[in-house]
Amino acid sequence: MKFHKFISVILHPMVIPTIGILLFLSVSPNEIKKERQYLLISIVFFSTYIVPLISLVILKTLGVINSFQLESIKERKTPLFIMLLIFYILGKMLINIPDFKELGILFYGTNVSLALVYLLFTFQIKSSLHILSLSSTLGFFLLYGSLYSINILPIAIILIILTGVLASSRLYLKAHNQKEIYLGFFIGLAGQFIAYSLL
């Protein structure tokens, strides 16, 4: 039980964007100054971890959500809408910076996936945001490696393994059923390809 909870925490959707940035910087063919790298990491970490965390505390204090697990669709709506705004702003900002243009697509792609998840709420369909965040990152690196002829095989293998471990943990904790896991995975992948085709 402790292992599965640990995996769910360290691979939380609020953590994955920062991990994605670190992986991007490790394979980017561009010469990026350390100062710019640190600034990028700081901005993404603050925007996708600190701001959502503070938002969740405020929402819980106001009684909008009952717990940080966001088990019901009703509880997920407001936090997801906040994430939609954050990812859109990050995508818009990064896509105009030459060294980080591809990261703009990453955030726009994840935004498309989150929008699809939000749309499915209308039909009372829930999907795994944990799995979505990893598969969205995987989709981005598959595209990135293909476009720039970069060997991203090690990253792809690591992300696939982590996705499998995380999926098992979410099922073990009964946080999701298999349908919600698969749905999160395919929505995450699809979002990246949709964003790339549009941009």
Side-chain angles (χ1 to χ4, degrees), residues 7 10-49 51-52 80 83-118 127-167 181-199:
I7 291 297
I10 64 168
L11 295 178
H12 194 277
M14 294 192 304
V15 179
I16 299 302
T18 303
I19 294 175
I21 295 300
L22 293 171
L23 291 174
F24 170 81
L25 292 173
S26 71
V27 298
S28 175
N30 299 326
E31 189 95 18
I32 304 171
K33 291 182 179 179
K34 288 293 182 184
E35 294 80 7
R36 297 189 74 198
Q37 293 186 33
Y38 296 146
L39 180 60
L40 173 66
I41 294 167
S42 299
I43 291 172
V44 171
F45 180 75
F46 181 79
S47 301
T48 62
Y49 187 83
V51 172
L80 186 61
M83 291 306 293
L84 277 166
L85 289 176
I86 291 171
F87 275 71
Y88 175 76
I89 292 169
L90 283 172
K92 190 174 180 61
M93 177 183 73
L94 293 171
I95 205 162
N96 292 314
I97 303 173
D99 286 342
F100 304 139
K101 182 179 179 181
E102 295 80 11
L103 289 176
I105 298 175
L106 168 62
F107 285 103
Y108 274 138
T110 307
N111 211 44
V112 170
S113 298
L114 294 176
L116 290 172
V117 169
Y118 201 90
S127 51
S128 174
L129 293 179
H130 276 75
I131 300 302
L132 181 151
S133 61
L134 274 178
S135 67
S136 184
T137 306
L138 173 62
F140 167 75
F141 279 105
L142 290 175
L143 281 169
Y144 186 63
S146 174
L147 287 171
Y148 295 95
S149 300
I150 297 171
N151 180 21
I152 54 89
L153 185 60
I155 291 177
I157 291 172
I158 290 170
L159 288 173
I160 290 170
I161 291 172
L162 289 177
T163 302
V165 173
L166 182 59
I181 293 289
Y182 286 127
L183 197 55
F185 182 81
F186 288 115
I187 289 175
L189 275 180
Q192 291 299 322
F193 288 92
I194 291 171
Y196 173 71
S197 64
L198 293 175
L199 297 171

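Positions are given from 1, in the same order as the sequence printed here. Bear in mind that the values here come from a model prediction, so they are computed numbers and not experimental data.
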Quiz item: Can you tell me how far CG of Leu134 sits from CG of Leu159, rounded to the nearest 0.5 angstrom?
Solution: 6.5 Å

Quiz item: Shortest non-hydrogen contact from Val117 to Ser127?
Solution: CG2-OG, 3.4 Å

Quiz item: Do the non-hydrogen side-chain atoms of Ile43 and Met93 ever get within less than 4.5 Å of each other?
Solution: yes

Exercise. Work out which heavy atom in Ile155 is nearest to a heavy atom in Ser26; give both atom names and the distance.
Key: CD1-OG, 4.4 Å

Practice problem: Please report the shortest heavy-atom distance between Pro52 and Ile86, naming the atom on each side. | Solution: CG-CD1, 4.0 Å

Quiz item: Any side-chain heavy-atom pair from Ile19 and Ile16 closer than 4.5 angstrom?
Solution: yes

Quiz item: Does Thr163 reach the side chain of Leu138, with side-chain heavy atoms less than 4.5 Å apart?
Solution: no

Exercise. Taking all non-hydrogen atoms of both residues into account, name the closest pair between Thr48 and Pro17 and its distance.
Key: OG1-CB, 3.6 Å

Quiz item: Between Ser128 (side chain) and Ile181 (backbone), is there a donor-acceptor pair under 3.5 Å?
Solution: no

Quiz item: Nearest 0.5 Å, what's the NZ-CG distance between Lys33 and Leu40?
Solution: 15.5 Å

Quiz prompt | 4.5 Å side-chain heavy-atom contact, Val15 and Ile10 | solution = no

Quiz prompt | From CD1 (Ile21) to CG (Leu94), nearest 0.5 Å | solution = 6.5 Å

Check: residues 100-115 side-chain donor-acceptor pairs under 3.5 Å, at least two apart:
unit_1	atom_1	unit_2	atom_2	d
Glu102	OE2	Tyr148	OH	2.4
Tyr108	OH	Lys92	N	3.4
Thr110	OG1	Leu106	O	2.9
Thr110	OG1	Ser136	OG	3.0
Thr110	OG1	Gln192	NE2	3.4
Ser113	OG	Gly109	O	3.3
Ser113	OG	Ile187	O	2.8

Quiz item: Would you say the side chain of Ile131 lies within less than 4.5 Å of the side chain of Tyr182, judging by non-hydrogen atoms?
Solution: no

Quiz item: Would one find more than 12 heavy atoms of other residues, nucleotides or ligands at under 6.0 Å from atom OH of Tyr49?
Solution: no

Quiz item: Taking atom CZ of Phe24 and atom CD1 of Ile32, what is their separation to the nearest 0.5 Å?
Solution: 5.5 Å

Quiz item: Ignoring hydrogens and geometry, is there a side-chain-to-backbone donor-acceptor pair from Ser47 to Val44 under 3.5 Å?
Solution: no

Quiz item: Within the distance-only criterion (no hydrogens, no angle test), does the side chain of Ser146 pair as donor or acceptor with the backbone N or O of Leu143 below 3.5 angstrom?
Solution: no

Exercise. Enter the distance from Ile161:CD1 to Leu166:CG here, rounded to the nearest 0.5 Å.
Key: 13.5 Å

Quiz prompt | Tyr144 atom OH, neighbour heavy-atom count above 12 within 6.0 Å | solution = yes

Quiz prompt | Partners passing side chain to side chain donor-acceptor pair (under 3.5 Å) against Tyr118 (at least two apart in sequence or in another chain) | solution = none

Quiz item: Closest heavy-atom contact between Ser135 and Gly188?
Solution: OG-CA, 3.2 Å

Exercise. Can you sort out the partners of Asn30 under side chain to side chain donor-acceptor pair (under 3.5 Å), two or more places apart, ordered by chain and number?
Key: none

Quiz prompt | pair Leu23-Val27: side-chain heavy atoms closer than 4.5 Å | solution = no

Quiz item: Nearest 0.5 Å, what's the CG-CG distance between Leu85 and Leu90?
Solution: 11.0 Å

